[in-house]
J.: 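What follows is a structure written as structure tokens; I'll ask about it next.
To find a chain, count down the sequence lines: A is the first, B the second, and so on, and within it residues start at 1.
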Amino acid sequence: MDKTYSTAVETDIYNGWEKSGAFTPKIDKTKKPYSIILPLPNANDPMHMGHAVFTIEDILIRYHRMLGEPTLWLPGGDHAGIETQFVYEKKLAKEGKSRFDFDRNTLYKMIWDFVEENREINKAQMKKLGFSMDWTRYHYSLEEPIVKNVLTVFKKLYKDGLVYRDEKIVNYCTHCGTAFSNLEVDYVDEVTSLYYMKYGPFILATTRPETKFGDTAVAVNPKDKRYEIYVGQEITVEGLNGPFKVKVIADEMVDMEFGTGVVKITPAHDPDDFEAGLRHHLEVKKVIGFDGRMNELAGKYAGLTVAKAREQVVADMQEKGMMVKTDTNYQHRIGRCYRCKHIIEPMVAPQWFIKIDKLAKPAIEAAKNGEVKFFPTRFKKSYITWMDNIKDWNISRQIVWGPRIPAWYCLECNPKIKLNFLDKGKNLVTDVYAHIKDKYTYEEIKDGLQSLTAPVEAKFEIEENDKCPICKSKKLLQETDTFDTWFLSGQWPLNTLGFNPEDPEKSSEDFKYFYPTTVLDTLWDILFFWVARMVMFGIYLTGEVPFKTVHLHARVVDAKGQKMSKSKGNVVDPLLMTKKYGTDALRMALVYGIAPASDIVVSEDKIRAHRNFVNKIWNASRFVLMIIDRLQVKDIKLDVDTKILNTDNKDILNKLEIIVKSTTTDLNTYHFGRAAENLYQFFWHEFCDIYIEKVKDRNIEMVPVLLTVLITSLKLLHPFVPFVTEAVYQQLKSTVKLPEDQLMTATWPKS
RNA sequence: GGUCGUUUAGCUCAGUUGGUAGAGCGCACCGUUUACAUCGGUGAUGUCGGGGGUUCGAGUCCCUCAACGACCACCA
């Protein structure tokens with residue numbers, strides 16, 4: 001054996017494990033399975049420390065495999081809709097192109113190829129981290145059978161009356177060109193200006209003077225004596241494009257204390273105002289387009305971006321004496337796109353929604369009655385609170401990367417459909433079908449199609465037909481909106497295990513055996529995005545929760561407690577660390593001393609410290625082998641006759657018994673940090689520093705004890721540091737007769 | 001505004017069910033004994049955020065205050 005442990009053996013060891021078939025569990029109905037579905041990483045994303053924390057899952061998996069349970073860890077890759085398209089568009093931008101240069105089929109194909117190139121890298125990286133996943137059951141979210149199931153589920157939801165199209169106010173990012181769900185908006189405190197402007201007989205305060213052209217009312221509080229006499233009247237407002245009239249309404253939403261107690265109502269561009277508009281039956285007047293520019297209703301400001309328009313409007317109003325004062329130090333929250341950080345424009349647009357109440361109720365119940373348990377338990381409360389306040393889910397995204405919503409519109413029946421497409425000359429055409437139907441053939445539109453926007457009242461079919469069932473026209477176009485990524489991944493445990501949504505009875509053996517899975521482990525930041533949706537889909541489709549326990553793990557931060565991000569430049573690359581110090585050192589550093597769901601501090605110092613520990617394991621083993629060799633022991637028996645042992649030997653065996661117990665308990669209760677810490681202490685200090693030092697150069701009778709302690713320790717350590725322990729085990733095997741072929745599948749020590 | 005979390009040695013953090021504090025890194029001194037210098041030995045450093053309470057006894061339970069952080073929320 002070499003003087004230091006060489007991490008070069010890792011690849012061979014991993015391949016050996018994989019070849020042995022031990023990653024692939026056999027269905028044994030006499031035994032209870034143990035299963036974890038990997039939170040599918042973005043197939044396109046190189047690994048970061050967040051992925052390396054899946055070490056926790058590997059620890060659970062290796063432990064349960066050693067307990068002899070049929071153990072499944074199912075890996076996967078996510079196409080990650082908006083995330084991937086965003087990355088790809090950035091790549092296009094570098095080449096001086098944009099998504100508008102391509103028809104959607106071409107763009108889709110390009111992104112597909114891009115992801116395919118990277119998907120294998122992602123898999124290789126997970127193998128490098130030693131993850132004992134069943135690669136024979138790997139799934140990619142855009143596999144044909146998975147997509148087929150997702151579409152089937154959509155149809156089922158539709159038939160159950162849980163899908164609807166509606167024109168509501170949605171969070172729209174004009175930069176990404178798509179609407180988002182409420183979860184995808186980050187609210188950031190920012191200092192802006194609050195403008196006090198003349199508004200008919202009032203003065204009112206607003207942060208958004210530029211949306212004035214879309215005002216269809218002005219509101220005051222019904223209890224506000226100051227404005228009582230105006231309620232119900234129509235007032236004339238001096239506008240920059242000439243005077244206009246709006247109604248004065250009374251609504252509880254108005255805070256009398258704020259500003260002047262008068263609010264202009266712009267239903268098309270503010271969520272509160274939209275709601276007010278519904279209550280008071282106000283006209284919705286859009287003045288901002290999906291391109292983020294003012295439209296023709298803004299008069300001379302048409303074509304300006306929102307920011308430019310605001311500047312101009314303010315300047316003009318000041319000039320005309322319509323601006324009373326400006327509070328330039330007004331702090332409030334602004335919604336920004338979680339992806340590109342641009343300001344989210346609330347916009348009214350037709351979108352697809354899921355009615356969520358019916359799905360949420362049983363999912364709340366499951367948490368309350370313990371069908372789904374949470375660890376740490378405090379997350380149960382935030383899960384329930386969020387689910388109690390959940391709103392209908394906007395599942396449509398105006399991007400190409402992802403499965404299209406299976407709805408078909410007949411162009412003849414819906415002539416008002418707005419189309420964006422590239423004609424034969426690759427020129428972008430944007431118009432309503434009725435206007436261009438004689439100019440372009442159906443084929444030309446279909447082939448060059450980028451996107452369509454159907455009016456909210458448009459008729460559609462949820463099945464694909466070769467002709468319109470009403471007018472028999474063959475000019476059908478599929479909805480160009482794609483699904484929110486989480487609509488797919490929300491069904492992930494079902495689809496990866498082979499659930500058949502058309503006929504659940506015909507689901508696969510895997511599904512029948514492994515569902516519900518045992519543990520779902522993930523970072524708490526996707527508790528709502530993903531975990532909650534999986535619970536809802538799981539119960540809706542199967543009547544059962546998808547997993548019995550939700551284990552929320554911690555976030556990796558740097559030595560200063562800062563979240564790692566590329567922009568901060570404080571990322572520690574896990575693969576670089578494995579290269580420098582070995583995978584085991586990294587794994588140990590990730591779990592050593594961490595408390596459940598508190599931040600994990602990973603510094604290179606800590607990884608180096610555990611590299612030293614790994615080396616200690618190696619050298620202690622080397623010493624034991626050397627003793628055996630020196631003493632020329634033959635026929636080593638592992639059974640220890642405790643009667644003949646001296647105090648030192650008895651002592652170490654007692655301590656071994658304790659560490660077996662505590663490790664087992666800690667793993668059963670998700671106390672990985674404590675387990676790792678205790679093992680470290682035991683192995684290095686109790687075993688190496690004290691026991692080995694005491695028994696050095698002593699007689700032959702200690703060999704069985706040495707071996708017992710070593711082998712038992714290796715087993716306990718294996719889930720944490722699989723490579724070095726397996727490497728040592730294989731070395732031992734060549735000298736000592738050992739019952740088990742590889743440590744990975746050896747039996748967990750009995751406590 | 002609501003909810004939750006954190007506050008322990010110079011730094012980063014552990015401390016299961018309450019019994020007078022631990023680890024890693026760092027630091028000081030010593031050690032070239034043939035498993036390992038990616039090592040061993042010895043040692044220093046803490047009124048466990050402040051205050052109050054329960055208890056024979058509290059870092060650990062309760063109350064309160066403070067600082068920091070996270071999440072949720074439609075205030076123009």
Side-chain angles (χ1 to χ4, degrees), chain A residues 1-5 169 171 182-183 185-187 194-196 204-209 211 215 218-219 251 253-255 257-266 269-276 330 332-333 335 346 376 378-382 384-386 388-389 391 524-525 527-528 555 557-563 581-582 585 588-589 592-627 630 662 665-666 669 671 673-678 680-681 684-685 688-690 692-693 696-697:
Chain A
M1 277 173 92
D2 293 334
K3 215 170 160 185
T4 51
Y5 167 65
I169 195 139
N171 308 299
N182 294 333
L183 280 172
V185 182
D186 286 337
Y187 290 92
L194 182 65
Y195 304 98
Y196 287 77
L204 61 74
T206 182
T207 55
R208 302 207 62 182
T211 60
D215 293 355
V218 60
D251 197 289
M253 75 182 270
V254 181
D255 178 356
E257 309 293 317
F258 186 90
T260 58
V262 184
V263 185
K264 68 186 197 68
I265 302 295
T266 323
H269 299 291
D270 183 278
D272 292 330
D273 295 3
F274 184 78
E275 293 296 320
Y330 176 63
H332 74 138
R333 293 175 85 74
R378 65 185 142 96
F379 287 102
K380 176 177 168 180
K381 192 172 177 184
S382 44
I384 290 174
T385 308
W386 186 74
D388 277 340
N389 297 307
K391 291 195 176 139
W524 41 255
D525 67 343
L527 182 62
F528 306 139
R555 193 181 52 173
V557 296
D558 70 6
K560 287 178 194 148
Q562 300 264 309
K563 187 179 172 177
Y581 302 107
M588 197 68 182
Y592 182 92
I594 57 160
S598 70
D599 287 351
I600 301 174
V601 181
V602 175
S603 58
E604 200 163 334
D605 274 349
K606 192 172 175 186
I607 299 169
R608 197 182 300 116
H610 287 288
R611 187 270 317 265
N612 296 352
F613 176 60
V614 167
N615 189 240
K616 193 75 186 177
I617 298 172
W618 177 261
N619 271 295
S621 311
R622 190 158 74 99
F623 174 76
V624 172
L625 279 170
M626 206 174 270
I627 293 278
R630 196 191 300 158
S662 74
T665 307
D666 282 343
T669 55
H671 289 90
R674 200 164 61 198
E677 215 172 322
N678 289 334
Y680 180 103
Q681 287 304 314
W684 197 319
H685 301 302
C688 295
D689 291 348
I690 298 172
I692 286 184
E693 290 306 320
K696 256 185 187 170
D697 294 323

J.: Does A/D689 have any salt bridge (Lys or Arg N to Asp or Glu O under 4.0 Å) partners at least two apart in sequence or in another chain, and if so, which?
T.: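 In terms of salt bridge (Lys or Arg N to Asp or Glu O under 4.0 Å), with neighbours along the sequence ignored, A/D689 is linked to no residue.
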
J.: For B/U12 versus B/C27, give the span between their C1' atoms, rounded off to a whole number of Å.
T.: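 So the two C1' atoms sit 16 Å from each other.
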
J.: Within this structure, what is the NE2-to-C1' distance between A/H332 and B/G1, rounded to whole angstrom?
T.: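 Between C1' of B/G1 and NE2 of A/H332: 17 Å.
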
J.: Just to be sure I understand the rule, does A/H671 reach a base, reach only the sugar-phosphate, or reach nothing, if contact means heavy atoms closer than 4.0 Å?
T.: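 Touches nothing.
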
J.: Looking across every strand, which nucleic acid part, if any, lies under 4.0 Å from A/Y196 by heavy atom: base, sugar-phosphate, or nothing?
T.: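 Touches nothing.
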
J.: Between A/R674 (CZ) and B/G15 (P), how many Å, whole number?
T.: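 For the pair A/R674 CZ and B/G15 P, the rounded distance is 7 Å.
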
J.: Does A/Y592 reach a base, just sugar-phosphate, or nothing at all? Heavy atoms under 4.0 Å.
T.: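 Answer is sugar-phosphate: A/Y592 comes under 4.0 Å of backbone atoms only.
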
J.: Compare all side-chain heavy atoms of A/T266 with those of A/R208 and state whether any distance is below 4.5 angstrom.
T.: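 A side-chain contact is absent here, since even the closest heavy-atom pair is not under 4.5 Å.
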
J.: A side-chain contact here means heavy atoms from C-beta on lying under 4.5 Å apart; do A/R555 and A/W524 qualify?
T.: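 Counting from C-beta outward, A/R555 and A/W524 do come under 4.5 Å.
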
J.: Classify A/D255 by what it touches in the nucleic acid, base, sugar-phosphate, or nothing, heavy-atom distance under 4.0 Å.
T.: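 Base contact.
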
J.: Contact between A/W684 and A/N612 at the side-chain level, heavy atoms closer than 4.5 Å - yes or no?
T.: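 They are in contact (side-chain heavy atoms under 4.5 Å apart), so the answer is yes.
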
J.: Tell me the interatomic distance from A/H610, atom NE2, to B/C13, atom P, rounded to whole angstroms.
T.: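 Roughly 14 Å, once rounded to whole Å.
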
J.: Does A/H610 have its ring centroid less than 6.0 Å away from the ring centroid of A/Y680?
T.: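 Centroid separation for A/H610 and A/Y680: below 6.0 Å.
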
J.: Have a look at A/G593 and say if it touches a base, only the backbone sugar-phosphate, or nothing, with a 4.0 Å heavy-atom cut-off.
T.: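 The residue A/G593 makes sugar-phosphate contact but no base contact.
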
J.: Is there a side-chain contact between A/D272 and A/M253 (heavy atoms, below 4.5 Å)?
T.: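 Yes, at least one pair of side-chain atoms sits under 4.5 Å.
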
J.: Can you name the side-chain contact (heavy atoms from CB on, under 4.5 Å) partners of A/A597, sequence neighbours left out?
T.: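 Residues passing side-chain contact (heavy atoms from CB on, under 4.5 Å) with A/A597: A/P376, A/R378, A/F379.
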
J.: Can you give one letter per nucleotide of nucleotides 34-43 of chain B, 5' to 3': B if a protein heavy atom sits under 4.0 Å from the base, S if only from the sugar-phosphate, - if neither?
T.: -BBSBSSS--

J.: Please report the closest heavy-atom contact between A/L204 and A/V262, naming both atoms and the distance.
T.: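 Minimum heavy-atom separation between A/L204 and A/V262: CB-O, 3.4 Å.
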
J.: Where does RNA chain B pair, written as one dot-bracket string 5' to 3', with Watson-Crick or G-U pairs under 3.5 Å, ( ) inside the strand, [ ] for crossing pairs and | for another strand?
T.: (((((((..((((........)))).(((((.......))))).....(((((.......))))))))))))....

J.: Check every strand shown and say whether A/K264 touches a base, only sugar-phosphate, or nothing at a heavy-atom separation below 4.0 Å.
T.: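 It contacts nothing in the nucleic acid.
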
J.: Any side-chain heavy atom of A/R622 sitting closer than 4.5 Å to one from A/D2?
T.: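 With C-beta onward as the side chain, the pair stays apart.
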
J.: Between B/A14, B/A23, B/C4, spot the one nearest the side chain of A/S598, thanks.
T.: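 Closest nucleotide to the A/S598 side chain: B/A14.
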
J.: Can you check whether A/D270 reaches A/T211 side chain to side chain, under 4.5 Å on heavy atoms?
T.: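 Not in contact.
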
J.: Could you list the protein-to-nucleotides 70-73 of chain B atom pairs, N/O on both sides, closer than 3.5 Å?
T.:
| from | atom 1 | to | atom 2 | distance (Å) |
| --- | --- | --- | --- | --- |
| B/A73 | N6 | A/R333 | NE | 2.7 |
| B/A73 | N6 | A/R333 | NH1 | 3.2 |
| B/A73 | N6 | A/R333 | NH2 | 3.3 |

J.: Check salt bridge (Lys or Arg N to Asp or Glu O under 4.0 Å) between A/E693 and all other residues, then give those that pass, not counting sequence neighbours.
T.: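 If we apply the salt bridge (Lys or Arg N to Asp or Glu O under 4.0 Å) test to A/E693, skipping adjacent residues, the hits are A/K696.
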
